[in-house]
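Order of listing sets the numbers, starting from 1, for every ligand and every atom in it.
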Amino acid sequence: MDKFKIRGGKRLHGTVRISGAKNSALPAMAAALLTSEPVTLHNIPKVRDIITMSKLLAFMSARVSAHEIPAESYTIETKSMNDAVAPYELVKTMRASILTLGPAIARSGVAHVSLPGGCAIGARPVDLHLAALEKMGARIATEHGYIQASVPNGGRLKGAHIVFEKITVTGTENILMAATLAEGETILENAAREPEITDLIHLLRKMGAVIHGEDTSTLRVRGVEKLHGATHSVIPDRIEAGTFLIAGAITDGELTITDCNPGHLGALLAKLGTDGVSVERLEPSTLRVHAAKRLVGSDVTTEEYPGFATDIQAQYMALATQAEGTSVITETIFENRFLHASEMMRMGANISIDGRRAVVHGPAKLSGTTVQASDLRASAGLVLAALVAEGETLIERVYHIDRGYEAIVEKLQALGADIERLHATGS
Ligand code: EPZ
C-alpha cells in the first residue's frame, strides 16, 4: 500500500486549482442511468471513487466513455438497463454505490444492490432510502446481503409524500432521482440542502425533470415518463477548497485558491475569521488565504449544510492543534469520526475525547511519526498535521485519500510542501 512521506515546516505559497466535487460527480454519474440518451459530464475529479462508479455503471450496462480513465469528462449512455445489479465487490469499496438504487429501480422497475456495510466512521444504515422507496410503491427485501427492490407488475414508482426522519444526503439524492420518473408528484420534506443536491437538481432539470424547491428542505418533483440526455459541469469541491484554506492558514503561508465557490464555504470562512485567519475574495471564484498573525482556537459543531461540514472536521482539528486556547469540536453527524484524533495525539497534539466531543488544547508542537489514515477526511487531517510537524511523518493507508482528493501530492508539492508518495513494493 502506498504511503506519504512528509517533512513538515515548509510555508506553503502559490496558487492551487480546485477540482470538481466528488460528491456531486458521483450522483451525477448515477443519474445517467435514468435515460437512454447520452449524458456528458465535465469537471469530474480524477479520483478513485469516480473510477469505481464508472466500473459500476459499466457493470449495469452503461457505456462509459472518456479519453482515458481517470478523465475530466465522461459520456455515459445507458441504452437499456439489462443488468440492474450493483455487486458486493464494487459496493464494498464505495458506499456511494447505493446511489444507483434510485435511478435503477425508477428506470427498469427492478434493482439488486449490495447492502453497503458500516465503515470506519459509523454504522451508516440506508434504512431511510429504503423506507422512502417503499412509500413510492417499491417492494423491498434484503436477502443474502442484497437489497432486492422491485415495482409490482413491472410498473412505475408512484409519487409520495416523504418526510425524512433524519437529514440524509445520498438518501435525498436517491429519492430525488427515483421521483423524476415516478407517476405523479413526490414531496420530500426534511431533505438535505447540500450544494451537491442543488447541483444534481440542475443536471436533472437539464434532462427534463420537473423539480422545485432547490436549496430548501422541501423538494417537489413532478414525475415525467422519460428523461433525455444532457451536458453538465459539476460544481467545485468545497471540501478540497476548505482543506487548502486550512493548509495555507496553518503553515504560515499565503495561498490563492482558484475555481472554487466561496458561497459554499460560508460556515468554514466564518469560523476561520473567528480564529484570526484572513481570507480575501479576489474574484468570484478565487480566494486568498493569509497566515493568521495569531491563530486562536474556537468551538465547532458539525451540522448538515449550511452548517459546519463533518467532512472538514478532521482538517479543522489539525488547525485547532496549532491555535491558542481550547477548541471544543463536537461531531453530530457520524458516531465515530474522531479516529484521526488518536493519530494526532501520537504526533504530540493535546486532545481529549469524550464521546462525540473532542477538546483540543493548543498550540502543540507536533513531531513526525508513522500514522495510519482511517478514512478519506481523516487522511486529509493527518496530511495537514504532518505539514506543520517537526521532522518526518509517514502516513500509511493513503488509498483512503486517493478516493477523494485529486493529485493531492502534486498540488501540495507545487505549493512548496515537502511531500512524496512512496509506492508500495510491487505496484
Ligand atoms: C454523504 O454521505 C457524503 N457522501 C459524505 O461524504 C458526508 O460525510 C455525508 O453525506 C454527510 O455530509 C456522499 O455524498 C457520497 P448521510 P451519506 O446519509 O449520504 C444517518 C466524504 O468524506 N443515516 O447524510 O452516506 C447516517 O448514519 C463522505 O466525502 C441513517 O440513519 O451521509 C449519518 O449518521 C464521507 N439512515 C447521518 O444519517 C439512512 O438511511 C447522515 O448521513 C441514511 C443516513
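- With salt bridges taken as basic N to acidic carboxylate O contacts below 4.0 Å, one links Glu240 and Lys411.
- Under the side chain to side chain contact (heavy atoms under 4.5 Å, CB included) test applied with Thr78, the options Met60, Arg107, Arg63 reduce to a single match, Arg107.
- Residue Gly404 comes nearest to Val47 through the heavy atom pair C-CG1, 3.6 Å, listed as atom of the first residue, atom of the second, then distance.
- In summary, Arg238 and Glu196 engage in a salt bridge, as defined by a charged side-chain N under 4.0 Å from a carboxylate O.
- Taking every non-hydrogen atom of Val126 and a distance limit under 4.0 Å, the qualifying atoms of ligand 1 come out as 39 (C), 40 (O).
- Regarding atom 17 (P) of ligand 1, its nearest protein heavy-atom neighbour is Thr170 OG1, 3.5 Å.
- By the 4.0 Å N-to-carboxylate-O rule, Arg337 lies close enough to Asp311 to be salt-bridged with it.
- By the 4.0 Å heavy-atom criterion, Glu173 is excluded from the residues contacting ligand 1.
- By the 4.0 Å N-to-carboxylate-O rule, Arg139 lies too far from Glu134 to be salt-bridged with it.
- Polar contact with ligand 1: present for Leu128 (N/O pair, distance under 3.5 Å).
- Contact check on Lys5 versus Glu420 returns a salt bridge, with a Lys/Arg side-chain nitrogen under 4.0 Å from an Asp/Glu carboxylate oxygen.
- Contact of the Glu37 side chain with the Glu77 side chain is not registered, since no non-hydrogen atoms from C-beta on lie closer than 4.5 Å.
- Of the candidates Arg337, Glu304, Glu194, Arg337 brings a heavy atom nearest to atom 35 (C) of ligand 1.
- Remark: among candidates His129, Arg124, Lys166, the nearest residue to atom 38 (O) of ligand 1 is Lys166, based on non-hydrogen atoms.
- Of the protein's heavy atoms, Arg377 NE, 2.9 Å lies nearest to atom 22 (O) of ligand 1.
- Within the listing of ligand 1, atoms 21 (C), 29 (O) sit less than 4.0 angstrom from a heavy atom of Lys22.
- Distance from atom 32 (O) of ligand 1 to its nearest protein heavy atom, with residue and atom name: Phe334 CZ, 3.8 Å.
- If you check each of Asn336, Leu130, Asp311, Leu376 against atom 8 (O) of ligand 1, the one with the closest non-hydrogen atom is Asp311.
- From the protein, the heavy atom lying nearest to atom 1 (C) of ligand 1 is Val169 CB, 3.9 Å.
- Remark: among candidates Asp127, Asn23, Ile167, the nearest residue to atom 15 (C) of ligand 1 is Asn23, based on non-hydrogen atoms.
- Look at Gly171 and you'll find every heavy atom at least 4.0 Å from all atoms of ligand 1.
- Atom 34 (O) of ligand 1 has its closest protein heavy atom at Ile333 O, 2.6 Å.
- Backbone and side-chain nitrogen or oxygen atoms of Thr310 are examined, and none is located within less than 3.5 angstrom of a nitrogen or oxygen of ligand 1.
- Residue-to-ligand polar distances place Pro125 within reach of ligand 1: an N/O pair is separated by less than 3.5 Å.
- A 4.5 Å side-chain heavy-atom check between Ile44 and Lys22 finds every atom pair outside the cut-off.
- One finds no salt bridge joining Asp402 and Arg48 here, because no Lys/Arg side-chain nitrogen approaches an Asp/Glu carboxylate oxygen to under 4.0 Å.
- Atom 18 (O) of ligand 1 has as its closest protein heavy atom Thr168 OG1, 2.7 Å.
- Remark: Glu165 CD is loosely packed, at most 12 non-hydrogen atoms of other residues, nucleotides or ligands lying under 6.0 Å away.
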